[in-house]
Amino acid sequence: MLHDHSSTQDSDTLAWPTGFRAYTGHGGLREHGDDISVVTSDRPTVSAAMFTRSLFAGPAVVLSRAHAEGRKLRAVTTLANNANVATGRRGEENAAEVVRRVAGIVGIPQDEVLIGSTGVIGRPLPMDTIRAHLDETAEHGLAAFEAAPLDVARAMMTTDTRPKTAARTVGQARIVGVAKGVGMLEPNMATMLAYVFTDAEMAPADLDSALRTAVDRTFNCLSVDTDTSTSDTVAVIANGAAGPVDPARFAEALADLCLDLTRQLASDGEGATKLLRVTVGGAGDHAQAKRIAKSVVNSPLVKTAVHGADPNWGRVLMAIGKNTDDTAIVPGKVTVSFGDIEVYPEEPEADTLDRLVALMRRDEVDIVITLGLGAAEATAYGCDLSAGYVRVNADYTT
């Protein structure tokens, strides 16, 4: 965790790093509110990006993955409320047209534009209203690019209840991130849509390494409902306006920013009332620690117990034990605690149950597991499972 060279900024006053500007507007993707955003740099950049591994990756992901290979993404555009997934050739053509129009507005090559599209699956984009909106935006050009990070984060939202932003500093450089996504959420590369912009000068290889390391320890340790989205995208764009920074310090700051966004995403999970944090230590390696942590954070029975403030540690043991292929785990070496109270193997006394219930009623609940096999550790982030999650998703398209 950073303390010396990392800082946050109130989201209401958060500004872009030097050289970045943004636009948001209403393109008819939803009934009210901004639903199209564009963030761009006024100078050349280097970039790194990661995408969903879903077999049904949408046209936005397919197109952006190809553009990201050049490591010089300079603009990001996002369409909210419509994933444009499973829409066939028409969907591919529509995504390409949006990229072409945005590239024209900001005056850069098409292959320097990343597109994100998020929302309902299986419905074509409303291209008539999108075209009209982008034509109007083109008339104003970059003069219309006056949106702040909070505006972009808000325009990206679908079922999110609040926008998500974060900022850090490294030397003279700033790093600003925006993210969205609270359902269909167990990343296997990145998470939903998360974009990071910095005026640090970075070598492409260093930027890519920093992103992959950060994602592995943050976004890839996040799960709301075990379902991997068809549209997950995370990207970082660096324009060098603030000059060079130490790559190790930058990587540390980027990881801290991604952890901040991860916590925000988890605590805003669909229907969530609590942030659930599961830490597994004493593992043979990091992969094992993360696997067990996710097994617990993903368990519907654990999640409902957390929602009801029920300290049912038997469900935690179940979630560990169902990893039947992991024969290295020995029950006699395992310990489980809720917060700082051990519940297994030393079962708490009756008078401790009141303390456990009080702990489980907090906004953030910690479950700590040790495997007794080594020194590796990982933390998974999630949320409780409430009736609100069912209501949101039972009526998602109707």
Side-chain angles (χ1 to χ4, degrees), residues 1 3 186 216-218 220-226 255-256 259-260 262-267 269 272-386 389:
M1 189 67 66
H3 299 289
E186 182 180 14
D216 182 58
R217 300 293 174 131
T218 60
N220 269 353
C221 289
L222 168 64
S223 182
V224 167
D225 50 21
T226 81
D256 196 52
L259 178 59
D260 188 340
T262 296
R263 289 170 53 88
Q264 293 182 53
L265 292 163
S267 64
T273 66
K274 303 173 186 180
L275 171 68
L276 172 58
R277 190 166 37 226
V278 178
T279 299
V280 175
D285 55 37
H286 176 70
Q288 181 187 50
K290 184 163 72 172
R291 183 170 59 251
I292 300 303
K294 273 205 169 184
S295 181
V296 175
V297 87
N298 278 333
S299 166
L301 290 176
V302 172
K303 291 159 72 73
T304 50
V306 170
H307 179 69
D310 178 15
N312 190 336
W313 57 88
R315 294 183 175 181
V316 177
L317 299 179
M318 173 279 300
I320 300 171
K322 68 183 180 182
N323 292 272
T324 55
D325 291 337
D326 201 334
T327 56
I329 295 176
V330 178
K333 294 183 178 181
V334 173
T335 68
V336 177
S337 299
F338 288 179
D340 59 356
I341 302 174
E342 184 175 314
V343 294
Y344 176 86
E346 295 299 324
E347 184 174 343
E349 300 293 334
D351 59 0
T352 308
L353 289 176
D354 289 341
R355 289 175 54 209
L356 280 170
V357 171
L359 184 152
M360 298 286 285
R361 285 176 175 160
R362 296 176 182 173
D363 292 339
E364 298 187 7
V365 174
D366 281 286
I367 297 175
V368 181
I369 300 161
T370 62
L371 300 181
L373 301 175
E377 179 179 297
T379 300
Y381 301 85
C383 59
D384 58 334
L385 178 59
S386 72
Y389 178 87

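In what follows, residues are counted from 1 in the order of the sequence shown.
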Nearest heavy atoms of Ala319 and Ser295, plus distance in Å: O-OG, 2.6 Å

Exam field: side chain His286 to backbone Ala378, donor-acceptor pair closer than 3.5 Å: no

Closest non-hydrogen atom pair, Val297 against Tyr381: CG2-C, 3.9 Å

Evaluation steps, side-chain contact (heavy atoms from CB on, under 4.5 Å), between Val365 and Leu275: CA-CA 6 Å; Val365 174; Leu275 171 68; over 6 Å; no

Heavy-atom check, side chain of Thr335 versus side chain of Ile369, under 4.5 Å: no

Spacing of Glu377 atom CD and Leu371 atom CG [to the nearest 0.5 Å]: 10.5 Å

Basic-acidic side-chain contact under 4.0 Å: Asp384, Lys274: no

Partner of Val296 under side-chain contact (heavy atoms from CB on, under 4.5 Å), chosen from Thr279, Ile320, Leu317, Leu276: Ile320

Positive for side-chain contact (heavy atoms from CB on, under 4.5 Å) with Arg361, one of Val357, Leu359, Asp363: Val357

Non-hydrogen atoms of Thr304 and Leu301 that approach each other most closely: OG1-O, 3.1 Å

Ala289 to Ala283 - nearest heavy-atom pair and separation: CB-CB, 3.6 Å

Contacts of type side chain to side chain contact (heavy atoms under 4.5 Å, CB included), residue Thr352, not counting sequence neighbours: Ile341, Pro348, Glu349, Arg355

Chi angles and distances behind the side-chain contact (heavy atoms from CB on, under 4.5 Å) call for Leu373, Gln288: CA-CA 10 Å; Leu373 301 175; Gln288 181 187 50; 3.6 Å; yes

Pair Val368-Val336, side-chain contact (heavy atoms from CB on, under 4.5 Å): steps then yes or no: CA-CA 6 Å; Val368 181; Val336 177; over 6 Å; no

Worked check of side-chain contact (heavy atoms from CB on, under 4.5 Å) between Val278 and Thr379: CA-CA 6 Å; Val278 178; Thr379 300; over 6 Å; no

Set of residues satisfying salt bridge (Lys or Arg N to Asp or Glu O under 4.0 Å) with respect to Arg291, sequence neighbours excluded: Asp326

By salt bridge (Lys or Arg N to Asp or Glu O under 4.0 Å) - contacts of Asp285 (at least two apart): none

Atom of Ala380, atom of Lys294 and distance for their closest heavy-atom approach: CB-N, 4.0 Å

Summary of salt bridge (Lys or Arg N to Asp or Glu O under 4.0 Å) pairs that have at least one residue in residues 329-342, sequence neighbours excluded: none

Contacts of Lys290 that satisfy salt bridge (Lys or Arg N to Asp or Glu O under 4.0 Å) - sequence neighbours left out: Asp216

Shortest non-hydrogen separation from Met318 to Ser299 and the atoms involved: CE-OG, 3.5 Å

Residue list, salt bridge (Lys or Arg N to Asp or Glu O under 4.0 Å) with Arg217, at least two apart or on another chain: none

Option among Val343, Val306, Leu356 that satisfies the side-chain contact (heavy atoms from CB on, under 4.5 Å) test with Pro311: Leu356

Within-4.5 Å side-chain heavy-atom neighbours: Arg277 and Ile367: no

